[in-house]
Amino acid sequence: MESGDESVIVGDEATSGAKGGAAILGVSRWILALAATAGVGVGVGASFAVGRSRSVEAPTVARVAEVAKTQTPKVEAPVAVRDADTAAAAGEVAETEPKGPVVGDDGEVPVAPGEDADKVDPVKAAAADRLVETLAAAHARAHAKAEAVEVDKALNAALDEVFKKAKVNRRFAGEFYTSFGVGRFVKGGVLTALGAAVIDKAHEVDKHALDPAPYDLEGLDQALAGVGRSGDGEAKSDAVTSTVAGLLEAPAFDKDAAKERLLALPTLPDDGALELAIGQASSGKAPSAADVPLDVRVFRTFLDLVMDFRFLKKAGPFMLRTRETVYERDRKALKDHIAVVLQAAAEGDAAKASQLIEPAHPQYRRMIEVLAKYREIDQKGGCPKLSSGWRFRAGSRGNEVVKLQERLACEGYYAGEMDGKYDGPTAEAVKAYQEHHDLPVEGLGQVLEETMKSLNVPIERRVKQIELAVQRMREGRHERMGEFFLRVNIPSFLLRAYENGQVVREHRVIVGTNKLDDDKVQLVQGHINRTKLFGTRLYEIIVNPTWILPKRVEEGELASNLDKDATYLEKSNIKKVKLGSGTEVFVQGAGKGNVLGKVKFLLEGTNAIYLHDTDKRALFKKQRRDFSHGCMRVHEAIDFGKWLLARDGFTQAEIDKAFGSSVVKPFDLKKPIDLVTEYITVDLAADGNPVFYDDIYGYDAAFWNDKIPPVEKVRWGSEIMRPRWVPTMDDKTVDGWRKAGKPAPRNLGPDGKPVAKPPKDDSDQGP
């Protein structure tokens, strides 16, 4: 895939990150440790450590004489800090002092790596040094100077030809070949198992809603005409052999990196085992110059696949990545992922290597099947259109009912006879359709106005919706989730708990409202309450929480309520508290009427966004549930909290005591739980069929109208995105308030002049 127009997608983050050629940093030590634990070696050169610690513009086998040592900087884990003043005032403070680093603009919370491995036994280290010398001699024999020069020439020529329109790819490809050498994809004139898997996957990109044109499949097939395949029957290498093979194939030999890899093996081989591995390593010969052009061509396809499936982000809505941005900000992650894929291939499992290219989203493979089904329906002409004025009830008869049955059968909801009778089977099919299209089940299986509108949505539009869902699943953060994690898909208003890829629990949620609102403190207005998209961890559960009102609520809804009722604070159990720092805050005590309900779930680094119970549980009966200020209210939150605490190892007695009391009780989880929020308007029901949701925040529409990232807020008092109670204000006045550190006045009329009675601020109160 050429990238001459890589600047089409631009986000705020596209200009940040390191500039210029990125250093070859190498795969993290945890990959080496993982390989050792699994009983395999990192034998494919699963580290870029053998390259130089600089950008390699045109790497050559002959020129590389020495390499940089792999360095893994030590990163301290984030430490949770509690605000003593707020704790004294409110009993708990997590929402004012979030744990860990705050989520950035791209919705990511940095995770610190673990500590380095224990120091190596000196005797074992000495043995490894001796083995390294043997390997160095074998590497020198395998890379005869004359042959290396020929490979050099062929490699540079192939890189210049294949990447002539994409210099940024050319540099990264150079780094790859400096580290791994040729022969990963084409060796001995035939495609390796990995090379064949790459070609097969490239021919399937259209099934994944990816544009096949940039892959130039016709040109690829022509280039590979007559090239055979080694097949998937290649013998699997043991840990020692695969490690030795990788070290011998690398263009340069780094003794320190070789020692590190040997020590990562489950058992250090003796001299005899090493010599045997050197003899058995099929790749322990010098690479052939004849293989280079095709190897580079297939590598380009491989790189395009990894980019498209794992790293490029086009649908957002906010986290966008061009190739340039990936190379600047995600270079190490890209190298690490490539190393993992190559490791799987070196172990003889090309199918696993191919699977590792795909995203880790638990619903991805099934959604690809759904896309194929709806594309087939569309290619056959779509579904029949019905008269928008038709209505159906139990007992209806006639040709109109036949048309309805045909429409339901088109998507697979009805499999009975086209008998024109609106009876049990037809009514059940209607109910199933309504449940899978985010529609209220209209009493006794009735088909009224909303259902008729949905039935007449063209299948072509459904296909587009599914394609966008597939793209957003590729762009998700699920590769960072553990075996057990929580997922909130905002348009579905659902929280699901996943374990080993399966849904084990589901709760309805209330998310941030899409209504226009204003923040008089930050001097902004617009859709400021939408729940944010991020990946983080749930680290603490608080029973009987208090609520510290944010400043914008204090300046908005609270002030409005006090205007109407001077006793509002007392009635709402809210007190004004002065902290030791001198700051005054309003705190709502625990108990009846607390907007957080009985339990709150704190998230790392999300700037006071969390999950919680609510005092307005009747809202969970609503079909559309966007009513909050950005937090996520959980249906049956008490049961959910008890379940999570029990999973975390707390005793039933501890749990019952906390929930049976009115005292604030925080539980720090022994094992924090991964959590991701997403925005995908097609999800999967428990039966595996798609559920189509409303585009409540308009992010899908923004994508289709080339307005990604969408604008959510503007200056306070602007003409656009203005709540009805906010007057139109000029820039100079608002800038003056901002410079002086003052909030917007509340007592302004429609003309911006003071009035005796402030306009009603009717935005929903509560987090």
Side-chain angles (χ1 to χ4, degrees), residues 370-371 373-469 491-494 508 513-515 619-627 680-685 687 689-705:
V370 168
L371 175 60
K373 171 187 172 180
Y374 274 79
R375 279 181 168 177
E376 183 178 2
I377 295 172
D378 185 41
Q379 289 166 0
K380 291 180 178 179
C383 294
K385 189 172 182 179
L386 308 179
S387 172
S388 60
W390 288 354
R391 302 290 183 267
F392 299 93
R393 292 176 175 82
S396 296
R397 295 286 188 275
N399 188 55
E400 291 87 352
V401 178
V402 173
K403 295 295 184 183
L404 174 64
Q405 291 171 332
E406 290 173 347
R407 174 62 185 84
L408 293 167
C410 181
E411 279 188 78
Y413 292 101
Y414 180 71
E417 295 182 19
M418 304 299 168
D419 56 9
K421 299 177 182 179
Y422 195 97
D423 53 12
T426 305
E428 286 300 315
V430 167
K431 182 180 177 181
Y433 179 90
Q434 290 168 338
E435 290 174 345
H436 287 79
H437 289 77
D438 196 26
L439 294 164
V441 177
E442 299 169 320
L444 300 176
Q446 297 182 98
V447 179
L448 303 179
E449 183 177 1
E450 290 303 311
T451 300
M452 289 303 302
K453 286 181 180 178
S454 177
L455 286 165
N456 281 325
V457 171
I459 292 298
E460 179 184 7
R461 179 176 164 187
R462 295 300 188 197
V463 169
K464 286 179 58 181
Q465 198 175 350
I466 298 168
E467 288 174 344
L468 181 54
S492 73
F493 306 108
L494 290 174
R508 281 173 278 172
T513 180
N514 197 49
K515 290 181 179 179
L619 292 176
F620 287 112
K621 296 178 182 179
K622 301 285 188 180
Q623 190 76 14
R624 174 169 173 156
R625 298 187 292 275
D626 57 321
F627 303 113
I680 302 176
T681 58
V682 186
D683 220 328
L684 295 178
D687 61 7
N689 289 315
V691 184
F692 297 92
Y693 294 105
D694 287 341
D695 183 18
I696 62 168
Y697 290 169
Y699 292 157
D700 284 14
F703 173 79
W704 288 320
N705 292 318

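Proximity of Y693 to I680: side-chain heavy atoms (C-beta onward) are nowhere separated by under 4.5 Å. For the pair L448/R393, a side-chain contact is recorded, criterion being any heavy-atom separation below 4.5 Å from C-beta on. Using a 4.5 Å cut-off on side-chain heavy atoms (C-beta onward), F392 and L404 make contact. Proximity of Q465 to Y374: side-chain heavy atoms (C-beta onward) are nowhere separated by under 4.5 Å. L684 has its side chain within reach of V370: a pair of non-hydrogen atoms, C-beta onward, lies under 4.5 Å apart. Side chains of T681 and D438 form no contact here, defined as non-hydrogen atoms less than 4.5 Å apart. With a 4.5 Å cut-off on side-chain heavy atoms, R375 and E467 count as touching.
Side-chain N/O atoms of Y433 and S454 include a donor and acceptor closer than 3.5 Å. Q405 and D419 share a side-chain donor-acceptor pair at under 3.5 Å.
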Test salt bridge (Lys or Arg N to Asp or Glu O under 4.0 Å) on K464 and E460; report intermediate values, then the result. CA-CA 6 Å; K464 286 179 58 181; E460 179 184 7; over 6 Å; no
Begin with the C-alpha distance, continue with both residues' side-chain angles, and end with the deciding distance and a verdict on side chain to side chain contact (heavy atoms under 4.5 Å, CB included) for D626 and F493. CA-CA 8 Å; D626 57 321; F493 306 108; 4.1 Å; yes
Is there a side chain to side chain contact (heavy atoms under 4.5 Å, CB included) between T426 and D423? Walk through the geometry before answering. CA-CA 6 Å; T426 305; D423 53 12; 3.7 Å; yes
Report the C-alpha separation of Y414 and E406 in whole Å, then their side-chain angles, then the decisive distance to 0.1 Å, and conclude whether the side-chain hydrogen bond (donor to acceptor under 3.5 Å, both in side chains) test is met. CA-CA 8 Å; Y414 180 71; E406 290 173 347; over 6 Å; no
Could you please spell out the steps behind the side chain to side chain contact (heavy atoms under 4.5 Å, CB included) verdict for I696 and N514? CA-CA 7 Å; I696 62 168; N514 197 49; 5.7 Å; no
Walk me through it: do E411 and I459 pass the test side chain to side chain contact (heavy atoms under 4.5 Å, CB included)? CA-CA 9 Å; E411 279 188 78; I459 292 298; 4.2 Å; yes
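Here NE2 of H437 is found 13.5 Å from CD of E450. Values are rounded to the nearest 0.5 Å. Between the CD atom of Q623 and the NZ atom of K621 there is a distance of 14.0 Å, given to the nearest 0.5 Å. The distance from atom NZ of K373 to atom CZ of R462, rounded to the nearest 0.5 Å, is 12.5 Å. To the nearest 0.5 angstrom, D700 atom CG is 11.0 Å from N705 atom CG. We find the CZ-NZ distance between R508 and K622 to be 13.0 Å, quoted to the nearest 0.5 Å. Within the model, atoms CH2 of W704 and CG of D695 stand 7.0 Å from one another, a figure rounded to the nearest 0.5 Å.
Of all heavy-atom pairs between L408 and A429, the closest is CD1-CB, 4.0 Å. Residues P690 and V682 approach most closely at CB-CG1, 4.0 Å, considering heavy atoms. Summarising the geometry of A685 relative to H436, their closest heavy-atom pair is CB-NE2, 3.8 Å, with the distance given to 0.1 Å. Between K403 and L386 the shortest heavy-atom distance is O-CD2, 3.7 Å. Minimum interatomic distance between A409 and M418 (heavy atoms only, all atoms of both residues): CB-CE, 3.7 Å.
For R461, the CZ atom is loosely surrounded, since the number of other residues' heavy atoms within 6.0 Å does not exceed 12. The 12-atom threshold is not exceeded at NZ of K421, counting heavy atoms of other residues, nucleotides or ligands nearer than 6.0 Å. Counting heavy atoms of neighbouring residues, nucleotides and ligands inside a 6.0 Å radius, atom CD of E417 does not exceed 12 of them.
Ionic pairing of E449 and K453 is present here: one or more N-O contacts between side-chain nitrogen and carboxylate oxygen are shorter than 4.0 angstrom.
Partner C383 forms a side chain to side chain contact (heavy atoms under 4.5 Å, CB included) with one of L455, N456, D378, I377 and no other, that one being I377.
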